[in-house]
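For the single chain, residues carry numbers from 1 onward in sequence order.
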Amino acid sequence: MENKEIFNQMDELESRMGDFHVHLGVLKQRVKELLEENQQLSMENEQLRKILKRETSPKPKTAASRQGGQAAQPARREVAVHAEEDTVHDTSQQAGLVGEAHDNLARLYHEGFHICNVYYGHLRTEGDCLFCLSFLNK
């Protein structure tokens, strides 16, 4: 009887060790996923800090803002007087805005972010994205 009990206990212990081994493999996979996510978030955080630092850097003041808004009054009157001319220049301003928007998207892409509709705003981790490149080339 003793030998049979010892064999049963060894069999049960072997079964538990197999379960522990499977559980350990699952835990290792989860730790790997968390480390990869942590690395990706760290890179994204670093990129966002650079962007924030660049965007919040002090900009030189214009002459109108230095004079306390005194130059703003004549500028408003001038805009009202030349309203007809503004409609003529709207198409050129829209073209300028499109160019500026394209430049902003190109800058975001070169900073490491997706600009395509598939992964917009996500950090690019695997090199160039064909969707983003085709969008930039339009």
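- Residues F131 and Y109 do not share a hydrophobic cluster, defined by chaining ILVMFWY side chains whose heavy atoms lie under 4.5 Å apart.
- At a threshold of 4.5 Å between side-chain heavy atoms, the hydrophobic network of Ile, Leu, Val, Met, Phe, Trp and Tyr places L133 and Y119 in two separate groups.
- The minimum heavy-atom distance between C116 and C132, with the atom names listed, is N-SG, 3.4 Å.
- Contact annotation: the side chain of R49 never approaches that of L52 to less than 4.5 Å [non-hydrogen atoms, C-beta and beyond].
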Practice task
Check the pair N117 / F135 against side-chain contact (heavy atoms from CB on, under 4.5 Å), numbers first and verdict last.
Solution key: CA-CA 9 Å; N117 62 341; F135 183 77; over 6 Å; no

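- The two residues E44 and G121 have their closest heavy-atom pair at OE2-O, 4.3 Å.
- Listed by first then second residue, pairs satisfying side-chain hydrogen bond (donor to acceptor under 3.5 Å, both in side chains) with a partner in residues 7-16 read E12-R16, not counting sequence neighbours.
- Nearest heavy atom pair, residue Q40 against residue L123, reads O-CD2, 3.6 Å.
- Atoms CZ and NE2, from R107 and H102 in turn, are 13.0 Å apart once rounded to the nearest 0.5 Å.
- L13 contributes atom CG, which lies 7.0 Å from atom CE of M10 (distance to the nearest 0.5 angstrom).
- In the hydrophobic cluster analysis, where Ile, Leu, Val, Met, Phe, Trp and Tyr join through side-chain heavy atoms closer than 4.5 angstrom, I115 is grouped apart from V118.
- The same ILVMFWY cluster, assembled from side-chain heavy atoms under 4.5 Å apart, contains both M43 and F113.
- Heavy atoms of other residues, nucleotides or ligands lying less than 6.0 angstrom from CG of L34 number more than 12.
- Going from atom CD of E100 over to atom CG of L105 covers 11.0 Å, rounded to the nearest 0.5 Å.
- When all heavy atoms of S57 and R54 are compared, the closest pair comes out as OG-O, 3.0 Å.
- Atoms CD1 and NZ, from I51 and K53 in turn, are 13.5 Å apart once rounded to the nearest 0.5 Å.
- Residue E111 holds its CD atom at 9.0 Å from CG of L48, rounded to the nearest 0.5 Å.
- Note that the NZ atom of K28 and the NE2 atom of H23 stand 13.5 Å from one another [nearest 0.5 Å].
- Under the 4.0 Å criterion applied to side-chain N and carboxylate O atoms, E33 and R30 are assigned as salt-bridge partners.
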